[in-house]
Amino acid sequence: MKKLILSLAGGSLAGIILSFLLMNYESMSYEIFDQAGVAKRTVKDMDFDFVFSAALLVVGCTIVIYVIWTYIEKKKDDTFYNEFNKK
């Protein structure tokens, strides 16, 4: 359980950083003039393509970290068992 939580945290951190560095985030906003007695109003929207791509990148980083961690643990166990059986 610890491995899953730590790989999820590491994947989230790495995925968010990579998504801001590699993808072109553009804040989506538009302005409304003279509506309902308000002279100018700015409406900001979420860039859903960026959010979806960033979520996929986070999931991908999490899976990569988990698989690498599992492989390293298995290699350590195999090395330990091989050295133990030699004696």
Side-chain angles (χ1 to χ4, degrees):
M1 188 58 122
K2 181 176 103 172
K3 180 169 52 171
L4 179 65
I5 292 172
L6 288 176
S7 63
L8 184 61
S12 298
L13 182 66
I16 289 172
I17 290 171
L18 284 175
S19 64
F20 275 107
L21 291 176
L22 300 177
M23 292 184 228
N24 187 16
Y25 176 72
E26 298 176 13
S27 63
M28 299 176 66
S29 64
Y30 55 93
E31 296 179 355
I32 299 174
F33 296 103
D34 297 326
Q35 184 179 15
V38 179
K40 180 181 172 185
R41 184 174 65 180
T42 303
V43 178
K44 295 184 178 183
D45 287 336
M46 182 69 82
D47 186 5
F48 286 106
D49 291 333
F50 175 77
V51 172
F52 181 72
S53 299
L56 288 179
L57 195 58
V58 165
V59 169
C61 287
T62 301
I63 291 171
V64 166
I65 290 172
Y66 187 82
V67 167
I68 289 172
W69 194 340
T70 304
Y71 178 75
I72 290 171
E73 281 183 342
K74 185 178 178 192
K75 275 297 206 192
K76 284 183 180 179
D77 289 342
D78 290 343
T79 305
F80 174 75
Y81 290 134
N82 289 337
E83 288 180 13
F84 183 76
N85 288 332
K86 282 183 182 179
K87 294 181 180 181

Looking only at heavy atoms, the pair that brings S53 and M23 closest together is CB-SD, 3.4 Å
For C61 versus L18, what's the shortest heavy-atom pair and its separation?
SG-CD1, 4.1 Å
Separation between CD1 (I17) and OG (S12), nearest 0.5 Å, reads 11.0 Å
Heavy atoms of S7 and I65 approach each other most closely as CB-CG2, 3.7 Å
Side-chain heavy atoms under 4.5 angstrom apart, residues restricted to Ile, Leu, Val, Met, Phe, Trp, Tyr: same cluster for L22 and I16?
yes
Working note: F50 + F20, criterion ring pair (Phe, Tyr, Trp, His ring centres under 6.0 Å); need CA distance, chi angles, decisive distance, verdict.
CA-CA 9 Å; F50 175 77; F20 275 107; 5.3 Å; yes
Joint hydrophobic cluster, Y71 plus I63, side-chain heavy atoms closer than 4.5 Å:
no
Calculate, to the nearest 0.5 Å, the distance between atoms CG and CH2 belonging to L4 and W69 respectively.
9.5 Å
How many angstroms lie between CG in L13 and CG in L8, if you round to the nearest 0.5 Å?
11.5 Å
